[in-house]
Amino acid sequence: MDIEAYLRRDYVTNLIKEGKRLDNRKFDEYRKLEINKGYVGEKADGSAYVSLGDTKVLVGISMDVGEPYPDAPTSGVMTVNAELRPMASPHFEAGPPGEEATELARVVDRGIRESGAIDTEKLFIEEDKVWVVFVDIHVLDHYGNMIDASGIGAIAALLDAKIPKYEDNKIIRGEHTVKLPVTCTPIPCTTAKIADCVIVDPDMDEEYAMDSRLTVATTDTINAMQKGGQGTLREEEVLDAIDLSFKCAKDIRRLVEGN
Amino acid sequence: MDIEAYLRRDYVTNLIKEGKRLDNRKFDEYRKLEINKGYVGEKADGSAYVSLGDTKVLVGISMDVGEPYPDAPTSGVMTVNAELRPMASPHFEAGPPGEEATELARVVDRGIRESGAIDTEKLFIEEDKVWVVFVDIHVLDHYGNMIDASGIGAIAALLDAKIPKYEDNKIIRGEHTVKLPVTCTPIPCTTAKIADCVIVDPDMDEEYAMDSRLTVATTDTINAMQKGGQGTLREEEVLDAIDLSFKCAKDIRRLVEGN
Amino acid sequence: MDIEAYLRRDYVTNLIKEGKRLDNRKFDEYRKLEINKGYVGEKADGSAYVSLGDTKVLVGISMDVGEPYPDAPTSGVMTVNAELRPMASPHFEAGPPGEEATELARVVDRGIRESGAIDTEKLFIEEDKVWVVFVDIHVLDHYGNMIDASGIGAIAALLDAKIPKYEDNKIIRGEHTVKLPVTCTPIPCTTAKIADCVIVDPDMDEEYAMDSRLTVATTDTINAMQKGGQGTLREEEVLDAIDLSFKCAKDIRRLVEGN
Amino acid sequence: MEKPDMELIKDGKRLDGRRPDELREIKIEVGVLKRATGSAYVEWGKNKVLAAVYGPRELHPKFLRNPTKAVLRCIYNLAPFSVEDRKRPGPDRRSVEISKVSAEALSSVVMLERYPNAGIDVYIEILQADAGTRCVGLTAASVALADAGIPMKDIVAACAAGKISGEIVLDLMKEEDNYGESDLPIAVMSRKKDVVLLQMDGKLTREEFKKAYELAVNGATQVYEIQKAALLKSVNDVKIEG
Amino acid sequence: MEKPDMELIKDGKRLDGRRPDELREIKIEVGVLKRATGSAYVEWGKNKVLAAVYGPRELHPKFLRNPTKAVLRCIYNLAPFSVEDRKRPGPDRRSVEISKVSAEALSSVVMLERYPNAGIDVYIEILQADAGTRCVGLTAASVALADAGIPMKDIVAACAAGKISGEIVLDLMKEEDNYGESDLPIAVMSRKKDVVLLQMDGKLTREEFKKAYELAVNGATQVYEIQKAALLKSVNDVKIEG
Amino acid sequence: MEKPDMELIKDGKRLDGRRPDELREIKIEVGVLKRATGSAYVEWGKNKVLAAVYGPRELHPKFLRNPTKAVLRCIYNLAPFSVEDRKRPGPDRRSVEISKVSAEALSSVVMLERYPNAGIDVYIEILQADAGTRCVGLTAASVALADAGIPMKDIVAACAAGKISGEIVLDLMKEEDNYGESDLPIAVMSRKKDVVLLQMDGKLTREEFKKAYELAVNGATQVYEIQKAALLKSVNDVKIEG
C-alpha cells in the first residue's frame with residue numbers, strides 16, 4: 001500500500017504539473033454529486049445520502065428534547081458527530097472518533113453554526129426544554145474529500161428534517177409537525193494544493209499527493225475555514241481558494257435545495 | 001498451552017468417539033453441583049456460591065431504588081452484569097467486560113427476563129421510583145460451562161434475595177422487608193457437540209474440543225436459547241439438546257429451590 | 001536512560017554512604033522552596049505555583065456548586081485530582097491518571113481531609129446545595145518528590161482561594177465574597193531510605209536510588225502517612241521519619257502561610 | 001416490560017398484510033462500495049443494511065494471529081439514526097453479542113484454513129432498523145464475502161420465525177417483535193440446512209419450537225434464492241461490462 | 001464528612017465484645033482454586049477474601065519486562081455486592097492505590113531476581129468487605145504465593161490498629177472504622193518485623209502512633225501463626241492424599 | 001447561542017484601551033523546564049502558556065514510525081483551572097482539533113527528514129486562558145523547538161485577527177471573542193509569510209477576510225520579533241553563564 005501510495009502520489013503530481021487530473025476533470029471541476037434526501041426516512045427525522053464520485057456519506061438527523069445551554073436558555077441545541085466507519089477505508093478503525101473524525105465533525109459544525117442556518121430560537125419548547133438536533137455523519141466509502149460530502153449531507157439532511165410531535169411531555173415517534181427551521185444553505189468547498197496548483201474537490205489519490213487543503217464554507221459570506229495538511233499556502237492561493245469555493249458552492253447549493 | 005490444548009482436544013475427541021468422557025461421566029450427566037445460598041449475606045441483598053465441578057461462580061444481588069423505563073412506568077428493573085475475574089483463568093484479563101462476558105451476561109439475562117421469573121410489577125414504589133435489581137456474576141474459577149454455573153447462581157441468588165426496608169425516601173441498609181417476588185425457576189442447560197455426539201455440561205477440556213454448544217434455558221417452556229462456537233448443528237441435534245435440557249433442568253431446579 | 005539511571009543510582013548510594021548528597025544538602029535539608037500564590041488568579045478561584053528545587057507544580061482551585069454526600073448533607077465537598085503532564089517527564093504519558101497520579105492525589109487528599117483543614121460546614125448553601133472545591137494538581141516538571149511539592153501547592157492554593165459570589169442560583173464568575181475557610185495548614189514531608197540512611201526531600205536521582213520512601217503529613221498531629229517503594233522500614237526508621245517530618249514542616253508551614 | 005395485548009393477526013393476515021409464512025420484500029445489491037474488497041446492500045422490509053468485507057489481510061495486533069487459519073472478525077453496528085430514539089454511537093452489549101455470534105456463524109462456512117495468520121474483517125452497518133437486523137446483516141455479509149471472492153463451503157442465509165398472537169409466523173417486523181411472544185432468529189448453510197446461528201427468546205414449547213425452526217429454515221431457503229440471483233446478476237453485469 | 005460521636009468502647013469491651021488488643025476471628029484455607037498456580041481464602045471477621053497467583057509466566061506487554069527480575073503485579077478488586085451500597089464494577093481510585101501499595105509490599109519478600117523477564121500476577125477479590133480489606137487481601141495473597149511455590153524471603157502478614165473513642169485498639173471492624181479517629185494498616189515481614197506496607201489516616205500524636213504501630217505489629221504476628229498453621233495443614237493434607 | 005449586542009469599540013479604543021491594530025502585551029521566557037529537551041513560557045495578555053519539546057527520540061508504538069522522516073506529535077491541553085468554569089481533565093473535541101492543526105503547522109517548518117523513524121513530541125499546556133490560546137501555544141511551541149535545538153526552516157509565529165462591532169481588529173481578547181462577529185487565527189513562517197495554520201469562523205466577506213488576514217500576518221510579524229529577542233537573550237545568557 002505504502003509503495004502504491006507513493007507511486008500514485010508521484011503520478012498525480014506529474015499530471016497536475018501538466019495541467020491534467022487522473023479522471024480528466026478540470027482544476028475547478030467538482031466530481032459528480034448525487035443527493036438522496038430522506039434515505040432513511042422511516043426512522044430518522046431527516047436524512048441525506050450523498051455520493052460525491054465514489055465517496056459515500058449518509059447523514060441522519062435525530063431530534064430529541066433536552067436542556068438548553070445556561071447562557072442561551074431559549075435556544076435549541078445542535079450537535080454534530082462524525083463516524084469514519086471501518087467499512088469506508090482500510091485505514092479506519094472501529095472505536096471512538098479519532099482526530100480525523102473530530103476535525104471533520106467540527107468543521108461541518110462550524111459551517112452550519114456560524115452561518116446561523118438553524119433558527120435555534122424556534123426550537124424552544126418551554127422553560128428548560130428545547131429541541132436538540134443531532135447531526136450524525138456516517139462515512140461509508142472514503143474516496144476523498146469527506147469534508148465536503150459530509151457538510152453537504154449535513155445541510156441536505158437538515159433541509160429534509162421535520163420536528164416530531166410533542167404532547168404531554170412525550171415525543172410521539174413517527175409523527176411530525178413542521179419542518180426544521182433552516183434559514184440558509186451553507187456549503188463547504190475544499191480545494192487542495194498540489195505542485196503549487198489549486199484544484200477543487202480532491203479525490204483519494206489527490207489527497208495522497210496534496211501539500212495542503214483549504215475548506216471554505218460559505219453562504220453569502222465566508223462562515224468557516226480550515227486549512228489542513230503539513231504544507232503552506234501563500235496569500236494569493238488562499239484568496240484563489242475562496243473565489244473557487246464561492247463559485248462551486250452555487251451549483252452545489254442548487255442541488256442541495258432541490259428535490 | 002497451545003500444544004497441550006491441542007493434544008487434550010484430540011484426546012477428548014477420541015474418548016467421546018468411544019462413548020466415554022475424561023471424568024467417566026455419561027453423555028447426559030451433569031457434574032457435581034453445589035449451591036451455597038446467602039454466601040455473602042452480611043452485605044449483599046441476595047447471593048449464591050455455585051460449584052459446578054471445579055467451576056466456581058459467585059452471584060450477588062444488590063437492590064437499589066431508581067427510575068423505571070419510560071415504556072413500563074410501574075415495573076421494576078433488572079440488570080445482569082458478568083465479570084470474568086482474571087483469577088478464574090489465565091486467559092481472562094482485567095478490564096471492562098469483553099465479548100465473552102457480554103454474551104454470558106446476556107444469555108443469563110434472557111433466561112430470567114423471558115420467563116418472567118421476577119414479578120417486576122411488585123417492585124413499584126411510587127411514581128418514577130421502582131426497585132432496581134442488580135445481578136452481578138463473579139466468575140472465580142473457570143473450568144468449563146460458565147453459562148450454566150452463572151445462570152444457576154443467578155436464579156439461586158434471586159431466590160435468596162430480600163427487599164431492603166425503605167423509609168422516608170431512604171434505603172435502610174442491613175434491614176429487609178419481604179423476599180424478592182420470584183415466580184418461577186428458569187434453568188439454563190448447556191450441551192456441547194463433539195465428534196457428532198451431544199454431551200451435557202462440558203468441562204474445560206471438552207470446551208476446547210467442542211464444535212459448538214447450545215444453551216437452552218427452560219421453565220415449563222423454552223425461554224432462551226443460544227448457540228455458540230463455529231460448528232454447525234442439525235435439526236435432530238437441536239431437538240436432542242432441547243430434550244436433554246428439559247431433563248437435566250428438573251434435578252437442578254430441585255437443588256436450586258432447596259435449602 | 002536505563003544505564004544512566006543505574007550508574008547514577010550507584011553513585012548516589014555511594015555518596016550517601018559517605019554521608020553526602022549530590023547537591024551537597026544535609027540529610028535533613030529540604031531543597032529551595034518557592035511558593036507563588038495566586039499565579040493564575042485571573043481565572044482560578046485559588047492557585048499556587050510551587051518550585052521545589054527543579055520540581056515545578058501548579059495547583060489550581062475551582063469552586064462549583066453541587067450536591068452534598070447523602071451521609072453529610074450540610075457539608076461541602078472537596079475532590080483532589082492530579083495530572084502528571086507529559087511535559088514533566090519523559091516517562092509520563094498522556095491519558096487518564098495512572099497508579100502514580102492516583103496515589104499522589106489520594107495522599108494529598110488524605111493530608112488535607114484528615115486534618116479537617118477545610119471547614120466544610122461553612123460551605124453549605126441551602127438544602128441539597130453545597131460548594132464543591134476542586135483541587136487540581138498539575139505537575140509540570142518532575143525532578144523528584146512530587147508528593148511534597150503537590151501537597152504544599154494544594155494547601156497554599158486553598159489558603160489563596162476565595163468563594164465566588166452566588167446569586168439567584170447562579171455563580172457570578174470573576175467576583176468573590178469571602179476567603180475559603182481553612183482552619184489549619186497540613187504539610188506533607190517525605191523522607192527516603194537509601195543505604196539504610198533516612199534523608200529528607202529526595203530529588204530525582206535519589207528517587208532512583210531509594211529503597212523506600214515515607215510521607216508523613218502533619219499539623220499538630222500526624223494526619224496521614226504513606227510508605228512507597230519495594231523496600232522495608234524498621235520501627236526506628238519510621239519514628240525517625242516522623243520526627244524529621246514534624247521538624248521540616250515548621251519551616252514549610254511558615255512559608256506556605258506567608259505572603 | 002409487560003407486553004400489552006395487541007391483535008397482530010386478523011383474518012389470517014398480519015398488520016402489513018402478509019400471510020403467516022410470508023417474507024417481507026427483499027432486495028439485494030452486490031458490490032456497492034469502492035474501497036472494500038467485497039460489499040453488499042440489502043433492503044428487507046424497512047431494514048436497510050450495508051455489509052463490507054476487507055481481506056484476507058495482515059492481522060493486527062499480532063497476538064491475535066492463528067498459524068493454522070485466518071481469523072474472521074465481525075463488527076455489527078447500529079447507526080445512531082437507524083432507530084427512532086437515537087442510539088448513542090459506539091458498541092453496546094447487544095451489538096457486542098450480535099457481532100460475536102455473527103462472526104461464529106460466518107466462520108462456519110469460510111475456508112479459513114486457506115489463509116493462516118490472516119485476518120478477514122466483516123463490517124455490518126444497520127442504516128435503518130426494523131426488526132430482524134441480525135438476519136439481514138448476516139445475509140448481506142455472506143453476499144459481501146462472495147463478492148470479495150473469499151472461498152466458502154456454502155452461502156449463509158438467515159431468517160427469523162416467531163410467535164405472535166399465539167401463532168407461529170415467519171420474519172417478524174418491528175411491531176410483531178415488540179408485542180409478540182417469542183423470536184427465533186437462525187442462520188443456515190444454504191444447501192445442507194445445518195444451522196450456524198441460533199438464538200431464541202420468549203416462550204415456546206418444544207412443539208412450537210420445532211414448527212418455528214422449520215418455518216425459519218424454509219424462510220432462509222427463500223432468502224438464499226434471492227442471494228443467488230443477486231450474485232449471478234453481478235457476475236453477469238461484470239461480464240457485460242467486460 | 002463529620003464523624004458523629006459514638007461510644008465504641010464500653011466497660012473495656014468493644015461493640016462486638018472484643019478487648020482493645022484482640023483480633024477478629026480468622027480462618028484461612030489454602031489451595032481453593034483449580035486454575036490458579038496458587039490460591040487462598042481468608043475469612044476475617046465478616047470479611048471474605050480470595051487471593052490467587054499466576055506465574056511466574058511470560059509478561060505482556062513486552063515493554064514491561066525487566067531483564068534483571070520478575071515484575072509482580074497486583075489487582076485488588078471489590079466485588080459489586082461486597083458492600084452494602086453496590087460498588088460499580090471496575091477499578092476506582094481507592095482500588096488502584098491499594099493495588100499499588102500491595103504490589104510493592106509483596107515485591108519486598110518475593111525473590112523476583114530468580115525470574116528475570118517474567119511476570120507474577122496476584123489477584124485479590126474482596127467478596128464481602130467489613131473494614132481492613134487491604135490487610136486481609138495481603139494476608140491471603142501471601143499464602144497464595146506460598147501455595148504457588150514461589151520462593152519468598154519471608155511471609156507477609158498484615159494487620160491494622162487504630163484509635164477509637166480515644167483509645168488505641170487492634171483490628172478495626174466496620175463501625176469502628178467509620179466512627180473512629182484513625183486507622184493504621186501495616187504489613188510486615190513476619191520474622192524480622194520490618195514493615196513493607198504502611199498507611200495511616202486520621203489524627204495520632206507521635207506517642208499514639210508508636211503504641212498503635214507496636215500493637216499492629218503484634219497483631220500481624222498472630223496473623224502469621226494462623227498463616228503458618230494453614231500452610232502446614234495444606235502440606236500435610238497433600239502428603240496424606242499422596 | 002445568539003450573541004448579544006455589546007459595544008466593543010468606543011472612540012476608536014477597545015475595552016482594554018488598545019487600538020484596533022494593537023497586540024496585547026507579550027512576554028516570552030526560554031528554557032524554563034529542566035526535564036524537557038526544550039521549553040518556553042509565554043504570557044500574552046492574560047494568557048499563560050507553557051510549551052515543552054521532547055525529542056527527537058524513539059517513537060512508540062512502532063507502527064507510527066515513518067522511515068523517511070520524523071513524526072511530530074502535539075498535545076494541546078487546557079488545565080482544569082485555566083478557565084472560569086472548571087474544565088474536566090482529559091481531551092475534548094476542541095483540544096483534539098487544535099492539537100491536530102498545531103502538529104501540522106509545526107511539521108511545516110521542522111526538518112523532519114533529518115530524523116527518520118524518530119518522534120518529536122510537543123506539549124502545550126494552557127495554564128490560564130483568555131482567547132487566542134492556540135496562537136499563544138504555537139508561538140510558545142516554536143520557541144521551545146528552537147530551544148531544543150531542533151533544526152527548522154523558519155520560526156512559526158501566530159496571531160489572530162477578527163471582526164468586532166463591525167470593525168476588523170487584531171488579537172481578540174476574551175470579551176471580544178465571546179461577543180465579536182468572527183475570529184481568524186493564523187500562523188505563518190515568519191520570513192516568507194506563508195501560512196501554516198488557518199482557521200476561521202463567523203461571518204466575513206472576501207474583502208473583510210483579506211483585511212483581517214493581512215492584519216493577522218502583520219501581528220504575527222511583531223510576535224516573531226519578540227520570539228527572536230527572547231531566543232537571542234537566552235543564547236546570550238548561556239554564553240554569560242559559560
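All values derive from a computational prediction rather than experimental measurement. We name chains A, B, ... by the order of the sequence lines, and we start the count at 1 in each one.
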Colleague: Does any backbone or side-chain atom of F:K87 lie under 4.5 Å from a heavy atom of chain C? Answer side chain, backbone, both or neither.
Modeller: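 Interface part for F:K87: neither.
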
Colleague: Between F:L33 and chain C, which part of the residue has a heavy atom less than 4.5 Å away: side chain, backbone, both or neither?
Modeller: both

Colleague: Counting only heavy atoms from other residues, nucleotides and ligands, does the tally under 6.0 Å from CD of F:E113 exceed 12?
Modeller: yes

Colleague: Quick check on C:E83 against chain F: is it the side chain, the backbone, both or neither that has a heavy atom closer than 4.5 Å?
Modeller: side chain

Colleague: Could you tell me which of F:A36, F:P91, F:A129 has the largest number of non-hydrogen atom pairs under 4.5 Å with chain C?
Modeller: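 Among F:A36, F:P91, F:A129, the one with the most close pairs to chain C is F:A129.
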
Colleague: Rounded to the nearest 0.5 Å, what separation is found between the CD1 atom of C:I172 and the CD atom of F:E84?
Modeller: 11.0 Å

Colleague: For C:M87 and F:A52, work out which heavy atoms get closest and say how close.
Modeller: CB-CB, 3.6 Å

Colleague: Taking side chain as everything from C-beta outward and backbone as N, CA, C, O, which of these in C:D64 sits under 4.5 Å from a heavy atom of chain F? Side chain, backbone, both or neither.
Modeller: neither

Colleague: Report, as yes or no, whether the 6.0 Å neighbourhood of atom CD on F:E25 holds more than 12 heavy atoms from other residues, nucleotides or ligands.
Modeller: no

Colleague: Could you state the interatomic distance from CG (F:D85) to CE (C:M63), rounded to the nearest 0.5 Å?
Modeller: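 Here the rounded value is 13.5 Å.
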
Colleague: Ignoring hydrogens, what is the shortest heavy-atom contact between C:L58 and F:L127? Give both atom names and the distance.
Modeller: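 In terms of heavy atoms, the two residues are closest at CD2-CD2, 3.8 Å.
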
Colleague: Does NZ belonging to C:K129 count more than 12 external heavy atoms closer than 6.0 Å?
Modeller: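 Yes.
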
Colleague: Counting distance only, does the side-chain N/O of F:K48 pair as donor-acceptor with the main-chain N or O of C:Y39 below 3.5 Å?
Modeller: yes

Colleague: Check each atom of F:K46 against the heavy atoms of chain C and say whether the ones under 4.5 Å are side chain, backbone, both or neither.
Modeller: side chain

Colleague: Within the side chain of F:E125, is there an N or O that forms a donor-acceptor pair under 3.5 Å with the backbone of C:R85?
Modeller: no

Colleague: Heavy-atom pairs under 4.5 Å with chain F: which of C:S62, C:G46, C:P86, C:P164 has the most?
Modeller: C:P86

Colleague: Please classify the contact of C:L140 with chain F as side chain, backbone, both or neither, using a heavy-atom distance under 4.5 Å.
Modeller: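 Both backbone and side chain.
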
Colleague: Check the angle between the aromatic planes of C:H138 and F:F81 and answer parallel, tilted or perpendicular using the 30° and 60° thresholds.
Modeller: perpendicular

Colleague: Taking all heavy atoms of C:A88 and all of F:R35, pick out the closest pair and write down the distance.
Modeller: O-CG, 3.3 Å

Colleague: Most heavy-atom pairs under 4.5 angstrom with chain C, which of F:S39, F:G55, F:A79?
Modeller: F:A79

Colleague: Under the criterion side chain to side chain contact (heavy atoms under 4.5 Å, CB included), I'd like the reasoning laid out for F:D130 against C:K43: C-alpha separation, chi angles, the key distance, then a yes or no.
Modeller: CA-CA 9 Å; F:D130 197 81; C:K43 303 287 166 178; 2.8 Å; yes

Colleague: How about CZ on F:R114, more than 12 heavy atoms from neighbouring residues, nucleotides or ligands closer than 6.0 Å, or not?
Modeller: no

Colleague: Once rounded to the nearest 0.5 Å, what's the spacing between atom NZ of F:K34 and atom CG of C:D203?
Modeller: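 The CG atom of C:D203 is 9.5 Å from NZ of F:K34, to the nearest 0.5 Å.
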
Colleague: Please report the C-alpha distance between F:V32 and C:K56 in whole Å, then the side-chain angles of each, then the deciding distance to 0.1 Å, and finally whether the side chain to side chain contact (heavy atoms under 4.5 Å, CB included) criterion is met.
Modeller: CA-CA 10 Å; F:V32 293; C:K56 316 274 184 197; over 6 Å; no

